[in-house]
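Just below is one structure, and these are the notes that go with it.
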Amino acid sequence: MQRRIMDELIHWKTKRNRKPLLLRGARQVGKTWLMKEFGRRCFKNTAYVNFDSGGKICRIFEEDFDIRRILQMLNIETGAKIEPEETLIIFDEIQEAPRAISSLKYFYENAPEYAVIAAGSLLGVSIHEGVSFPVGKIDLLEIHPLSYVEFLKAVGEEALAEQIEAANYDAMNTFSDKYIHWLKLYYYIGGMPEAVSDYAENGDIYAVREIQNRLLELYENDFGKHMPKQELARIRMVWNSIPLQLAKENKKFFFGQIRQGARAKEFELAIEWLLDCGLITKVYRVSRPAVPLKAYTDFAAFKIYLLDVGLLGAMSELDARSILEGNELFLEFKGSLTEQYVLQQLVAETAYTPYYFSVSAHSEIDFMVQKEGGVVPVEVKAEENLRAKSLKAYCDKHRPSYAVRTSMAGYRREEWMVNLPLYGIRNL
């Protein structure tokens, strides 16, 4: 499996002022595989430690932060020869050992010649529970589910992926039927590594749904393990309301959809917990489409998306035929899946922070990003329908230098906007 972030790991290895690296991301997005594969490819040895098992491995860090002593203990525990620059030291599920998190500071200050990489699925939760975090002493990388391009590579369609990466729109237009075929499958399978790997190996979409349901069950079990009972019900209500929220024409998160009479204050902690776990993404409204977008954030208005389009389909109990072939019952939700897909690609494949903009419930720009000193409006269309009333009205009023409509139609440039195919949205 080829992951784009592997290039970033290789770059980190050669950095002049390298710090210990911390990978953040939801459970089951492939952090452990990435670290081990990185060690296998780029280092002579790998010393792997998983703190989830607890016990004596956690006690190594309880005595003090003498790095030489800690290295000796790790050598005994892992059986790996730990050498500067030659060995990758992996701390997995590091949130289970708060003192190990603190030790990263001392690795940076006292033993920078050792390559240390750590990962945790609930790091945001741990930090909010009072764990000391070595700010400024570590590098951070976010890990996401596989993007569409990574999915193409995983299923053996490297040539199609390469044309997207090269922004070769002539080739993409020529083979649009192939891109759309795989895009619909991606809507169903999503980017969770286990689901993608199983489909690539066996081609069984029904097994994929079993994997997705098992992952959803795993996440819901986490709710009960880490939250007090009074918050557990609220987390589940927020989590289970997301498909309904995205199914609305106006996808702004509406607390009344959770429970009649619900107020924002009651559910703030539940939403933040899901954010800390990497299970959702929050997209804020901007009150004005101007640079910098961040300065015009309306924190009271936002949309919430799941971490993965395949999991959204599983939560919504959409069968494969509905997604791959389409039917009347599915038409309204198709826009929700498409918007989830676009958000997921922007988060995984670009450096942009997505926002949205609206002046009324019936006039909304799905996403806004800040690019090269300007603001780019992005309107999302689920099919080849090229009518873009909201985008046209926006462009007539604000005159952006660059505007994007993304749809199943091929690449085309018009006087006032560019139609970017959905499968090429990474090139925004």
How long is the span from the CE atom in Met35 to the OH atom in Tyr48, to the nearest 0.5 Å? 6.0 Å
For Lys31, which residues count as a side-chain hydrogen bond (donor to acceptor under 3.5 Å, both in side chains) partner, sequence neighbours excluded? Ser121
Salt-bridge present (Glu364, Arg285; N to O < 4.0 Å): no
By the definition salt bridge (Lys or Arg N to Asp or Glu O under 4.0 Å), identify the one residue from Glu349, Glu8, Glu150 that meets it with Arg3. Glu150
Counting neighbours of NZ on Lys282 that are heavy atoms of other residues, nucleotides or ligands and sit closer than 6.0 Å, is the number greater than 12? yes
Using a strict cut-off of less than 4.0 Å between a Lys/Arg side-chain nitrogen and an Asp/Glu carboxylate oxygen, indicate whether Lys178 and Glu157 qualify as a salt bridge. no
is_close_aromatic(Phe61, Phe91), centroid dist under 6.0 Å: yes
Is there a donor-acceptor pair closer than 3.5 Å between any side-chain N or O of Thr78 and the backbone N or O of Leu74? yes
With no hydrogens and no angle check, just 3.5 Å: does a side-chain donor-acceptor pair link Asn419 and Glu414? no
If only atom types and distance count, is the side chain of Lys334 paired as donor or acceptor with the main-chain N or O of Thr338 below 3.5 Å? no
Separation of Tyr423 OH from Met172 CE (nearest 0.5 Å): 6.0 Å
Does NZ or CZ of Lys371 lie under 6.0 Å from the centre of the six-membered ring of Tyr352, at an angle within 45° of the ring axis? no
State whether the number of non-hydrogen atoms from other residues, nucleotides or ligands found under 6.0 Å of Glu158 atom CD is greater than 12. yes
Using the side chain to side chain contact (heavy atoms under 4.5 Å, CB included) rule, take Met192 and Gln212 through it: C-alpha gap first, then chi angles, then the decisive distance, then the call. CA-CA 8 Å; Met192 298 305 288; Gln212 291 167 336; over 6 Å; no
Donor-acceptor pair, side chain of Arg18 and main chain of Val116, under 3.5 angstrom: no
Nearest 0.5 Å, please: how far is CG in Leu420 from CG in Asn427? 6.5 Å
List the steps and the verdict of side chain to side chain contact (heavy atoms under 4.5 Å, CB included) for Ile235 and Leu274. CA-CA 8 Å; Ile235 288 174; Leu274 291 168; 4.0 Å; yes
Determine, step by step, whether Glu231 and Arg234 satisfy the salt bridge (charged side-chain N to carboxylate O under 4.0 Å, His left out) criterion, reporting the C-alpha distance in whole Å, the side-chain angles of both residues, the deciding distance to 0.1 Å, and the verdict. CA-CA 5 Å; Glu231 283 299 325; Arg234 294 190 181 105; 3.1 Å; yes
Taken in chain and number order and not counting sequence neighbours, the residues that satisfy side-chain hydrogen bond (donor to acceptor under 3.5 Å, both in side chains) with Glu210 are none
Non-hydrogen side-chain atoms of Leu141 and Leu9 separated by less than 4.5 Å: yes
State whether the number of non-hydrogen atoms from other residues, nucleotides or ligands found under 6.0 Å of Lys13 atom NZ is greater than 12. yes
Min side-chain heavy-atom separation Tyr284-Val286 under 4.5 Å: no
Lys381/Glu383 salt bridge by N-O under 4.0 Å criterion: no
So, the side chain of Gln370 versus the backbone of Leu293: is there a donor-acceptor pair under 3.5 Å, distance only? yes
Heavy atoms, side chains only, cut-off 4.5 Å: are Pro400 and Val375 in contact? no
Have a look at Glu165 and tell me which of Arg426, Arg4, Lys153 forms a side chain to side chain donor-acceptor pair (under 3.5 Å) with it. Lys153
With a sphere of 6.0 Å drawn around NZ of Lys265, does it hold more than 12 non-hydrogen atoms of other residues, nucleotides or ligands? no
When rounded to the nearest 0.5 angstrom, what is the spacing between CD in Gln340 and OG1 in Thr281? 7.5 Å
Any donor-acceptor pair under 3.5 Å from Lys15 side chain to Asn17 backbone: no
All side-chain hydrogen bond (donor to acceptor under 3.5 Å, both in side chains) counterparts of Tyr356, not counting sequence neighbours: none
Sub-3.5 Å donor-acceptor pair from the side chain of Asn173 to the main-chain atoms of Tyr411, do we have one? yes
Which atom pair, heavy atoms only, marks the closest approach of Pro145 to Leu307? CG-O, 3.4 Å
What I'd like to find out is whether the side chain of Gln345 reaches to under 4.5 Å of the side chain of Leu422, using heavy atoms alone. no
Derivation of the side chain to side chain contact (heavy atoms under 4.5 Å, CB included) call for Asp319 and Tyr206: CA-CA 9 Å; Asp319 62 278; Tyr206 299 104; over 6 Å; no
For Leu246 and Leu312, the nearest pair of non-hydrogen atoms, with its separation, is CD1-CD2, 3.9 Å
Apply ring pair (Phe, Tyr, Trp, His ring centres under 6.0 Å) to Tyr186 and list each qualifying residue two or more places apart in sequence or on a separate chain. Tyr148, Phe151, Tyr341
Intermediate values then yes/no, side chain to side chain contact (heavy atoms under 4.5 Å, CB included), Arg405 and Arg412: CA-CA 10 Å; Arg405 176 186 60 209; Arg412 60 189 284 187; 4.3 Å; yes
To the nearest 0.5 Å, atom CH2 of Trp182 lies from atom CG of Leu152 at 8.0 Å
Beyond-backbone contact of Ile304 with Gln245, side-chain heavy atoms, under 4.5 angstrom: no
According to ring pair (Phe, Tyr, Trp, His ring centres under 6.0 Å), does anything in residues 248-271 pair up with another residue at least two apart or in another chain? List the pairs. Phe253-Phe255, Phe253-Phe302
So does Leu160 get a backbone contact from the side chain of Tyr179, meaning a donor-acceptor N/O pair under 3.5 Å? yes
Please check: side-chain N/O of Asp308 versus main-chain N/O of Gly190, any donor-acceptor pairing under 3.5 Å? no
Shortest non-hydrogen contact from Asn213 to Ala314? OD1-CB, 4.0 Å
Using the six-membered ring of Tyr305, assess whether NZ or CZ of Lys251 lies under 6.0 Å from its centre and within 45 degrees of the ring axis. no
Heavy-atom pair with the smallest gap, counting every atom of Tyr108 and Lys19: CE1-CG, 3.4 Å
Counting only N and O atoms by type, is there a donor-acceptor contact under 3.5 Å from the side chain of Lys36 to the main-chain atoms of Thr46? no
Just to verify, what does Asp396 make a side-chain hydrogen bond (donor to acceptor under 3.5 Å, both in side chains) with, not counting sequence neighbours? Lys392
Can you tell me how far CG of Leu22 sits from CG of Leu104, rounded to the nearest 0.5 angstrom? 6.5 Å
For the pair Thr297 (side chain) and Lys294 (backbone), establish whether a donor and an acceptor sit closer than 3.5 Å, ignoring hydrogens and angles. yes
OH of Tyr219: more than 12 outside heavy atoms within 6.0 angstrom? yes
Non-hydrogen atoms of Phe367 and Leu346 that approach each other most closely: CG-CD1, 4.4 Å
Any salt bridge between Arg40 and Glu37, counting N to O under 4.0 Å? yes
Could you pull out the closest heavy-atom pair between Ile258 and Met237, with the gap in Å? CG2-CB, 3.5 Å
